[in-house]
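Here is the structure we will look at.
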Amino acid sequence: MESNKVAEQLQEYFQSIGNNRKVLTVSPDELIPLMYRLRDEYEFNYLTDETAVDYGDYFEVIYNLSRVPQGDILMVKTKVDKEKAEVPSVFEVWPGAIWFEREIFDLLGIKFTNHPDLRRILLDDSFEGHPLRKDFQWVGGREV
Amino acid sequence: MLRTEEFTLNMGPQHPATHGVLRLILHLDGETIVKVEPVVGYLHRGIEKLAEARTYTQVIPYTDRLDYLAAMLNNLGYVQAVEKLMGIEIPERAEYIRIIVSEMSRIASHCIAVGTYALDLGGFTGFMYPFREREKLMDMFEMISGSRMTHSYMRIGGVAADLPEEFYPAIKKFLKEFPSCVDEYDGLITGNEIFQARTKGVGVLSQEKAVQYSISGPTLRGSGVNYDLRKARPYGIYDRFDFEVPVGEKGDCFDRYYCRIQEMRQSHRIIEQALEQLEELPGGPVMAKVPKVLKPPKGEVYHEIEGAKGILGYYVVSDGTTKPYRVHIRRPSFINLDLLDEMCRGWKIADVVAILGSIDIVLGEVDC
Amino acid sequence: MENIFVNISGSIRELIGVLGLPPLFNEAVMITVKVTGILLFIVLNALWLVYMERKVAGYIQCRYGPNRVGPKGLLQTAADISKLISKEIIIPSGADKILFLLAPVLIFTPPLMVFMVVPFGQNMAAVDLNIGVFYFLAVASLSTVIFWIAGWASNNKYSLLGGMRVVAQMISYELPMVLAVLGVVMITGTLNMSDIVRAQENLWFIFAQPVAFLIYFIAGVAECNRVPFDLTEGESEIVAGPFTEYSGMGFALFFLAEYTNVMLVSFMAATLFLGGWLAPFGLTIIPGWAWMLIKVYIMIFLFMWLRWTYPRVRVDQLMGFGWKVLVPLSLANIFITGVAIKVLDKMGW
Amino acid sequence: MVCLEERSIGMEIKKDLQTKHPVEDLTDDPVIIEQVKRTITLAPLEKILNLARSNSLWPMTFGLACCAIEMMAAGGPRFDLARFGYEVFRPSPRQADVMIIAGTITKKMAPFVKRLYEQMPEPKWVVAMGSCAISGGPFVDSYSVVPGADKLLPVDVYIPGCPPRPDALIHGMLLLKEKVKNPKVVEEKPWKAIK
């Protein structure tokens with residue numbers, strides 16, 4: 001939608017903002033101010049989806065924001081390298097992110113700073129390793 | 001000094017009212033709830049990891065088993081996401097078949113939602129009547145796709161097969177009887193004073209909190225937010241049909257329940273219009289020209305549809321090979337559940353069951 | 001046909017009298033014969049009611065009830081009960097063993113004791129107490145304690161919750177029941193069951209005291225823990241209430257006791273309000289005790305009909321309804337009956 | 001084809017007595033062998049009780065996934081499980097006879113399945129409904145799924161299908177009824193049970 005328009009306007013505030021093919025990319029440290037601005041000024045008041053992908057040596061965290069009830073949608077992405085996987089939590093901007101981020105932490109092992117209670121949600125607490133990482137090894141139940 | 005202690009009660013993974021294997025740790029002060037702690041993950045089958053080891057078409061049967069009450073809608077979401085990624089145009093006839101079949105699936109899902117809600121509140125007969133209608137829908141699904149619940153009927157680029165001849169008389173008969181059946185539910189469940197006493201004013205969810213906590217579907221519309229993706233951001237050919245979006249006022253359990261009853265009536269209207277327009281269409285193909293082995297271009301897509309429980313989104317990343325690099329599913333039941341804690345505070349145990357029933361979650365979708 | 005049972009008991013009395021034993025012994029034998037007769041009647045009826053409930057539930061929910069076990073499914077309850085007899089009885093660790101095993105045994109005594117007083121037909125009451133109604137109300141409230149024992153002894157949080165709910169519900173619904181029955185007693189002036197029935201010669205009390213009948217019926221539903229007041233065994237909330245931990249015969253006794261309570265309340269409703277063994281419009285071709293059974297089964301069908309249409313009430317709504325609606329209503333009913341009796345006396349009836 | 005399985009852990013009814021009594025390899029103390037032979041035998045009373053047990057198998061409300069919806073449909077108006085007297089779905093394991101495992105058992109759920117099985121009073125049976133309960137089904141090579149219920153519990157009847165139709169579940173329950181009525185049918189002539 002109008003992601004490139006949003007990108008130019010925000011150019012002067014956040015240098016790290018980029019826009020390739022209608023997706024806003026921003027660095028993790030400027031994430032929260034950008035999110036606040038997107039929510040207040042551009043009334044993206046609804047975080048529909050927050051997920052993450054493991055691209056080998058770096059993680060990419062993807063936020064999809066939309067306007068309720070108009071319905072436009074915007075995708076914002078941040079990149080963080082694999083060792084120190086540390087992303088600020090958008091819990092204070094949209095409280096709905098609490099379970100999204102717990103699931104990402106559980107399945108991919110990305111820590112979210114100042115998240116109210118970052119624990120495993122889907123897997124057993126005694127489960128070691130994060131399944132959705134590309135280098136996750138496990139033995140299936142298929143008797144070959 | 002008389003000191004009353006809080007005690008924790010475990011509405012464990014096996015409980016008649018938790019719609020599957022959800023565990024609620026209730027911190028109680030007598031019968032009133034102090035804190036609710038939902039524990040999920042007892043049905044986590046790792047579908048997102050399995051999808052990474054399957055080809056694009058092989059992922060479709062996994063999407064059936066997510067929200068196993070409305071399997072067609074799950075297929076629709078995934079298939080439209082991949083079509084958007086590959087830029088495929090599907091034939092007109094397939095579009096209409098998809099709309100008819102997914103609205104039927106929505107009615108079947110709401111039938112169960114209404115039925116189990118009456119069962120949770122103790123009305124066993126209110127559970128049986130919607131199941132009778134659902135059996136008729138099951139027969140029609142079996143005619144179309146060969147299976148009652150896990151259809152895997154939609155393919156990337158269209159639908160698996162055209163509608164059989166005996167489907168049309170069956171759907172017409174169903175469409176004639178269905179409104180009187182919904183009025184019957186009204187009489188049996190909605191008009192029941194004890195049902196109203198148990199649901200009116202219970203578990204109120206305000207509009208701002210619902211939007212902040214990214215709640216979606218009848219739960220969001222019950223609080224008065226008019227946000228239905230079929231109207232807000234029409235996908236497929238939903239803009240050719242006219243239907244209203246039922247919206248509640250006070251956001252209590254009754255409004256959420258009543259939104260579902262109204263939505264059944266609206267889906268009934270959509271199917272009627274879609275059937276008329278389908279009959280005028282010349283008999284074209286139902287499957288676009290799609291290569292046997294799908295190799296979508298490198299890239300990613302995020303596509304959302306209005307599922308039976310809420311906004312069902314698919315985020316597919318492809319790296320050019322035949323297997324998706326990453327499939328993430330935005331599951332409405334999973335997100336609608338995180339607000340259960342605030343909504344249940346101060347109410348009784350019986351209300352936790354009522355509120356959980358009104359949010360209408362399916363554990364296959366919560367745990368993915 | 002009218003008093004076939006009276007003749008049977010008379011012939012048994014002569015049979016024993018012939019032996020020339022001391023009269024006290026005759027009395028004891030007569031009482032044991034009556035007790036076994038009533039116990040047999042209760043157990044058979046309870047078995048039959050379980051089957052009837054499942055069939056009625058089936059037809060209300062547009063499906064068949066059990067019809068495969070035995071002719072038309074009649075042996076279904078027999079199969080259930082004999083299966084439950086042969087089940088292993090598990091006593092949970094930490095449970096209060098004596099009380100845990102005592103509760104199912106005790107659950108049958110209050111209804112059995114009250115059945116001694118119920119007039120099955122023309123002077124066919126086992127013991128014709130002259131304070132029958134008072135005895136009924138006193139003993140019927142004993143089952144509250146037994147449910148509470150079961151709830152407490154099974155060392156399970158759900159049973160504890162169920163037990164607490166039982167005490168709250170049954171006590172707060174004793175009061176409207178007593179006050180409703182008081183309306184009837186004021187008109188007849190006697191507490192003897194048979195006299196109350198005889199007093200309804202020309203006008204059944206259901207027409208004289210419609211409000212009292214309604215209150216009695218609602219309080220009766222609450223006494224037997226039937227839907228819409230089945231909070232003790234709130235299936236979807238607290239699993240199975242006080243008898244979550246009971247398996248095998250323990251559960252079977254609770255299961256049957258519920259139906260005995262329903263039968264008891266229906267018998268009382270029939271005697272107090274529906275004119276007991278009096279035939280309506282003088283159709284005496286059917287014997288009195290058969291009329292009594294017909295009325296009881298109509299009431300039981302009402303209980304079942306209620307169960308398969310209404311959801312469950314919440315705890316505080318239950319208490320609110322009991323105290324804020326039923327009790328004032330029954331007090332007003334007593335006041336109006338009192339005034340009406342005085343006015344009718346003045347007009348010389 | 002619904003197939004009947006001899007229980008992997010030898011439960012209450014032993015084989016006929018002419019062959020070596022299994023208790024003999026447990027202990028060689030003649031007194032105990034005598035006692036065991038005298039008590040555990042297929043007395044006529046046991047036959048009648050088995051007949052009663054087979055006609056009133058109370059399943060436990062224990063739905064895990066999609067098969068649970070088909071189990072509810074089996075109890076529904078059209079495929080009426082009540083005709084056989086099996087529609088009394090008891091929520092508490094204490095009062096249930098049959099545990100119908102309807103759905104996928106995950107590793108997080110496995111201890112609870114085991115505990116529920118142990119809480120059920122003897123004699124109890126297990127029906128594995130759906131291919132997830134039989135062998136992990138479509139999720140067999142997932143990291144968090146137990147491949148099959150027989151890894152945890154002795155299973156009596158396997159009902160294939162994903163999800164099996166409600167009448168397949170009823171067929172499975174009737175097979176269980178045959179097995180409960182005459183436990184020997186499993187060893188000698190299983191095809192007799194599948195009329």
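In what follows, chains carry the letters A, B, and so on, assigned in the order in which the sequence lines appear, proteins first and then strands, with residues in each chain numbered from 1.
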| task | Answer whether the closest heavy-atom distance between the side chains of D/Val113 and B/Gln14 falls below 4.5 Å. | result | no
| said: To the closest 0.5 Å, what do you measure between CG (D/Leu64) and CG (B/Leu363)? | reply: 9.5 Å
| Any idea which heavy atoms bring D/Gly76 and B/Met128 closest together, and the distance? | CA-SD, 3.8 Å
| Do the side chains of D/Pro138 and B/Arg65 get nearer than 4.5 Å, heavy atoms only? | yes
| query | If we only count heavy atoms from C-beta on, is the D/Arg165 to B/Glu142 side-chain gap below 4.5 Å? | reply | yes
| Between D/Ala73, D/Ala68, D/Gly75, D/Gly63, which shows the greatest number of heavy-atom pairs under 4.5 Å with chain B? | D/Ala73
| Is any side-chain heavy atom of B/Lys49 closer than 4.5 Å to a side-chain heavy atom of D/Asp141? | no
| query | Under 4.5 Å between any side-chain heavy atoms of D/Lys108 and B/His44, yes or no? | reply | no
| query | Hey, is the main chain of D/Cys162 close enough, under 3.5 Å, to the side chain of B/Thr150 for a donor-acceptor pair? | reply | yes
| query | When you look at B/Asp139 and D/Arg78, which way does the salt bridge (Lys or Arg N to Asp or Glu O under 4.0 Å) test go after all the steps? | reply | CA-CA 12 Å; B/Asp139 286 350; D/Arg78 181 172 169 196; 2.7 Å; yes
| message | For the interface with chain B, which of D/Val145, D/Thr104, D/Leu116, D/Ile105 has the highest count of heavy-atom pairs at distances below 4.5 Å? | response | D/Thr104
| Contacting moiety of B/Met149, where chain D heavy atoms sit under 4.5 Å | side chain
| said: Tell me the closest heavy-atom pair linking B/Pro16 and D/Pro91, and the distance in Å. | reply: CG-CB, 3.7 Å
| note | In short, B/Phe131 meets D/Pro77 closest at the heavy-atom pair CB-CD, 3.9 Å
| query | D/Asp167 and B/Arg148: salt bridge (Lys or Arg N to Asp or Glu O under 4.0 Å), yes or no, with the steps? | reply | CA-CA 12 Å; D/Asp167 32 25; B/Arg148 287 164 53 92; over 6 Å; no
| Taking atom NZ of B/Lys173 as the centre, does the number of heavy atoms from other residues, nucleotides or ligands within less than 6.0 Å exceed 12? | no
| note | Bottom line for B/Arg45: the part with an atom under 4.5 Å from chain D's heavy atoms is both
| said: With a 4.5 angstrom heavy-atom cut-off, is it the side chain or the backbone of B/Leu43 that approaches chain D, or both, or neither? | reply: both
| said: Looking at every non-hydrogen atom in both residues, tell me the closest pair between D/Tyr143 and B/Gly46 and how far apart they are. | reply: OH-CA, 3.4 Å
| request: Using non-hydrogen atoms and a 4.5 Å limit, figure out which bit of B/Tyr129 sits close to chain D: side chain, backbone, both or neither. | output: neither
| Where does B/Tyr42 contact chain D at under 4.5 Å (heavy atoms): side chain, backbone, both or neither? | both
| query | Where does B/Ser147 contact chain D at under 4.5 Å (heavy atoms): side chain, backbone, both or neither? | reply | neither
| task | Go through B/His15, B/Arg23, B/Glu135 and name the one with the most non-hydrogen pairs under 4.5 angstrom from chain D. | result | B/Glu135
